[in-house]
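For reference, the structure is listed below as C-alpha cells.
Every chain is numbered from 1, with letters handed out A, B, ... down the list of sequences.
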Amino acid sequence: MAEELSELLRKRREKLEEFKKAGLDPYPYKYNRTHTSAEILSEFEKIGGEEDSPNEVSLAGRIIAKRGHGKAFFMQIVDGWGKLQIYAKLDILGKEKYELFEKLDMGDFIGVKGHVFRTKTKELTIRVSDWTLLSKSLHPLPEKWHGLQDKELRYRERYVDLMVNAETKEVFLKRIKIVKAIRNFLEDKGFLEVETPILNVLQGGAAAKPFKSFHDALDMPLFLRIAPELYLKRLLVGGFEKIFEMGRVFRNEGISYKHNPEYTMLEVYEAYADYNDIMKLTEAMVLSAIKIVSPELKLEFKGEIIDFSPPWKKIPLLEALRQYGGIDIEGKSEEEIRSIAKGKGIEGIEKIGIGKIINVLYDKLVEPNLRQPTFIIDYPLETSPLAKKKRGNPKLVERFELIIAGMELANAFSELNDPMDQRERLKKQAELKAAGDIEAESMDEDFLKALEYGMPPAGGLGVGIDRLVMLLTNSPSIRDVLFFPHMRPHDNN
RNA sequence: GCGCCGCUAGCUCAAUUGGCAGAGCAGGACACUCUUAAUGUCAAGGUUGAAGGUUCGAUUCCUUCGCGGCGCACCA
C-alpha cells in the first residue's frame with residue numbers, strides 16, 4: 001500500500017511521523033479555545049495600529065492559506081464562524097517551535113494562542129505565542145483560487161466542497177434557516193410536530209413506487225414510506241387537530257434535477273379547515289421562508305426572476321388547460337378528450353383512464369409554462385383517491401398544487417373523511433394495483449377503520465422542502481441542496 | 001431506460017491534421033521578519049477513466065464498459 005501512495009500523500013504521512021518524533025500528539029483529545037474567529041473580530045474591532053490586545057486569546061481551526069517569509073509566517077485559519085489571520089515569528093516562538101510550525105500543511109487543524117493586533121494592512125491578526133497541533137490532515141486540499149469545481153467530486157466528497165467552497169456552505173446554512181422558519185411559522189400557529197413510522201407494512205399516501213425492506217425477526221416485508229399521510233390522518237381521528245411532520249420519504253423512481261430517491265417532505269393537517277384555508281396557510285408559510293433570503297419577495301432562479309408578491313394566481317385546472325394548453329375539454333366526452341390528447345401528440349393513452357389523460361395533458365402543456373407562483377385547483381377525481389369531491393362537481397376533487405418555475409412545490413386537498421367513499425376509492429386503487437399499477441394505493445383496512453370511527457373535516461398539505469430550498473438558493477439541481485445526494489458507488493471501493 | 005456531452009498531475013485547465021503530454025496552484029529544496037491568489041530561483045510530479053481495436057505512431061479515430069453532467073421518459 002505504502003508504495004502506491006502518491007508523492008503528496010507520502011509526504012504528509014512523513015510529516016505526521018516528524019511531528020510525533022518531536023513529541024507532538026497529532027490527534028489530541030481537546031483544546032480550550034477562548035474565542036471563535038467571529039468573536040475575535042467583533043471583540044477587538046477597536047484595536048489600532050500600534051497596540052496589542054491586553055489579554056491573550058486562543059483560537060482553533062483549519063489552516064486554509066500559508067504565506068511564509070523566512071523568519072515570519074502568515075496563515076489563514078477557518079473555523080465554524082469564519083476566518084482569521086495568524087502571524088508567527090521566529091523571535092517569539094523560538095527555533096524549535098517555529099520550524100515545526102513551518103512544516104504545517106494546508107488542511108491541518110491547529111490551536112493558537114496570542115495577543116490580537118492589527119497589521120499594516122489593517123487586518124486583525126493573532127500574534128502567535130504558542131500553537132498546538134489538533135489534527136493532522138493527510139490529503140492535499142484543492143486549488144486555492146478555483147476551489148473544487150468537478151461536480152462529481154463535490155457531491156461525492158461534500159466534506160471537501162464544504163471546506164473550500166464558501167458558497168456551498170452558504171446554501172446549507174440557508175437551508176437550515178428556511179427549515180427553521182417553517183417550523184417557527186407552524187408552531188406559532190399552534191401546530192404540533194409529530195413523528196410517524198418510516199417502516200410501513202403497506203404502501204400508501206401517494207402515487208409512487210416504494211423501496212422494499214425486510215424485517216428478519218418478524219419474517220415480513222416492509223416498505224419505506226412514500227408519504228406520512230395515512231398515519232397523520234389517524235392522528236386527526238385520535239384527536240390531534242393541528243399537526244405537522246417534516247421528514248424523509250423514499251420513492252423508488254428516477255433521479256433528475258428535481259428528484260432524489262430520498263427527500264424531505266412537510267405534511268400539515270388542520271381539522272375543520274378545507275383546501276381554501278390551506279391555500280392561505282401555504283402562501284403565508286412559504287412567504288415566511290422567502291423573507292429569510294429575500295425581504296422584497298423577488299428572487300432569481302436559473303436566470304429567471306420569480307416574484308412572490310401575494311396574492312398568488314389561482315387557476316382551475318381546466319381553465320389552465322385553456323389558457324396554457326390551448327385546449328378546451330370542459331363538458332367534452334371521453335372520446336373527444338382522447339382525440340384532443342392524440343392531436344397534441346400524447347402517446348400511450350389507450351389504456352389509461354380519462355382522469356389520468358387530463359393529468360398528462362396538464363403535465364405536458366401547462367406545468368412547464370407556470371413560472372410565477374400559481375395555485376392550480378380542482379383536479380380530476382380519478383387521480384386523487386384521498387381527496388374530497390368538489391362541492392357542486394363530483395367529477396373533480398378539492399385539491400390544489402402550488403407550481404413555481406415549472407416545479408410542483410406543494411400538493412393539498414380537502415381531505416376525504418367519508419369512510420364509505422374512501423373504501424370505494426381504495427377498492428379502485430387495489431384493482432389498478434392488481435392490474436399491474438405499481439404506484440397504486442394499497443387497501444389499508446386499519447386506515448379505513450380509523451375513518452369509520454370518524455375523522456373531522458380537515459385540510460392537508462404536502463410540501464417538497466428540497467425544491468423550496470432550490471428556489472430560495474438559486475440552486476439548479478436538488479443535489480445542490482442535499483448534503484449527500486445519491487450517487488452510484490465507484491469501483492475502487 | 002433513451003439521446004448528447006465530458007473524464008489529461010492532488011486541484012483548475014491546455015495540447016494544431018493522428019507525430020516527444022504542458023501550465024498555474026498545491027507539494028519538495030533554497031532565499032526572504034507585515035503577507036493576503038505573498039515573491040524569486042531550482043528540481044520533481046502522468047498507465048491521458050478501464051479494456052480492446054485501427055495505425056509505423058493514439059490524449060486525439062473506432063468498439064465495449066464504468067462514472068458524471070445536461071436533455072427526454074417516469075415521478076413530487
> For RNA chain B, what dot-bracket results from Watson-Crick or G-U pairs at under 3.5 Å, with [ ] for crossers and | for inter-strand partners?
Replying inline: (((((((..((((.....[..))))..((((.......))))......(((((..]....))))))))))))....

>> According to ring pair (Phe, Tyr, Trp, His ring centres under 6.0 Å), who are the partners of A:F211, at least two apart in sequence or on a separate chain?
In response: none

> B:C62 and B:U55: how far apart are their P atoms, nearest whole angstrom?
Replying inline: 16 Å

>> Could you work out, with ring pair (Phe, Tyr, Trp, His ring centres under 6.0 Å) as the rule, every residue matching A:F375, not counting sequence neighbours?
In response: A:W312, A:F400

>> What residues from residues 365-382 of chain A pass a heavy-atom cutoff of under 4.0 Å to RNA chain B?
In response: none

>> Using the P atom as the point on both nucleotides, what is the distance between B:C20 and B:U63, in whole Å?
In response: 25 Å

>> Base, sugar-phosphate or nothing for A:D363? Non-hydrogen atoms, less than 4.0 Å.
In response: nothing

> Can you list every salt bridge (charged side-chain N to carboxylate O under 4.0 Å, His left out) pair that touches residues 104-118 of chain A, not counting sequence neighbours?
Replying inline: A:R12-A:D105, A:K15-A:D105, A:D105-A:K136, A:D108-A:K136

> With sequence neighbours excluded, what pairs up with A:A440 under the side chain to side chain contact (heavy atoms under 4.5 Å, CB included) test?
Replying inline: A:Q429, A:L432, A:K433, A:D437

> Mind checking what makes ring pair (Phe, Tyr, Trp, His ring centres under 6.0 Å) contact with A:F185, not counting sequence neighbours?
Replying inline: none

Show every donor-acceptor pair shorter than 3.5 Å between a side-chain atom in residues 81-88 of chain A and any protein atom, with sequence neighbours excluded, or say none if there are none.
from	atom 1	to	atom 2	distance (Å)
A:Q85	OE1	A:R67	NH2	2.9
A:Q85	NE2	A:T125	OG1	3.0

> Who pairs with A:A320 by side chain to side chain contact (heavy atoms under 4.5 Å, CB included), at least two apart in sequence or on another chain?
Replying inline: A:I315, A:Y324, A:V366, A:I376

> What residues form a ring pair (Phe, Tyr, Trp, His ring centres under 6.0 Å) with A:H115, not counting sequence neighbours?
Replying inline: none

>> A:L472 and side-chain contact (heavy atoms from CB on, under 4.5 Å): which single residue from A:L468, A:N474, A:V469 fits?
In response: A:L468

> Pick the nucleotide of RNA chain B nearest each of A:G464 and A:R479; which residue has the one closer to the 5' end?
Replying inline: A:R479

> Is A:K66 touching bases, backbone alone, or none of the nucleic acid, heavy atoms closer than 4.0 Å?
Replying inline: sugar-phosphate

Which pairs, protein N/O on one side and nucleotides 4-8 of chain B N/O on the other, fall under 3.5 Å?
none

Restricting to nitrogen or oxygen on both sides, can you table the protein-nucleotides 33-35 of chain B pairs closer than 3.5 Å?
from	atom 1	to	atom 2	distance (Å)
B:U33	N3	A:D91	OD1	3.1
B:U33	N3	A:D91	OD2	3.0
B:U33	O4	A:D91	OD1	2.1
B:U33	O4	A:D91	OD2	3.0
B:C34	O2'	A:K120	NZ	3.4
B:C34	O2	A:K120	N	2.8
B:U35	O4'	A:H69	NE2	3.2
B:U35	O2	A:R67	NE	2.8
B:U35	O2	A:R67	NH2	3.4
B:U35	O2	A:Q85	OE1	3.2
B:U35	N3	A:Q85	OE1	2.8
B:U35	N3	A:Q85	NE2	3.1
B:U35	O4	A:Q85	NE2	2.9
B:U35	O4	A:T119	OG1	2.9
B:U35	O4	A:T121	OG1	3.2

> Can a salt bridge be assigned to the pair A:R13 and A:E18 using a cut-off of 4.0 Å between side-chain N and carboxylate O?
Replying inline: no

> Rounded to the Å, how far apart are A:R488 CZ and B:G1 C1'?
Replying inline: 11 Å

> When the P atoms of B:G24 and B:C65 are considered, how many whole Å apart are they?
Replying inline: 40 Å

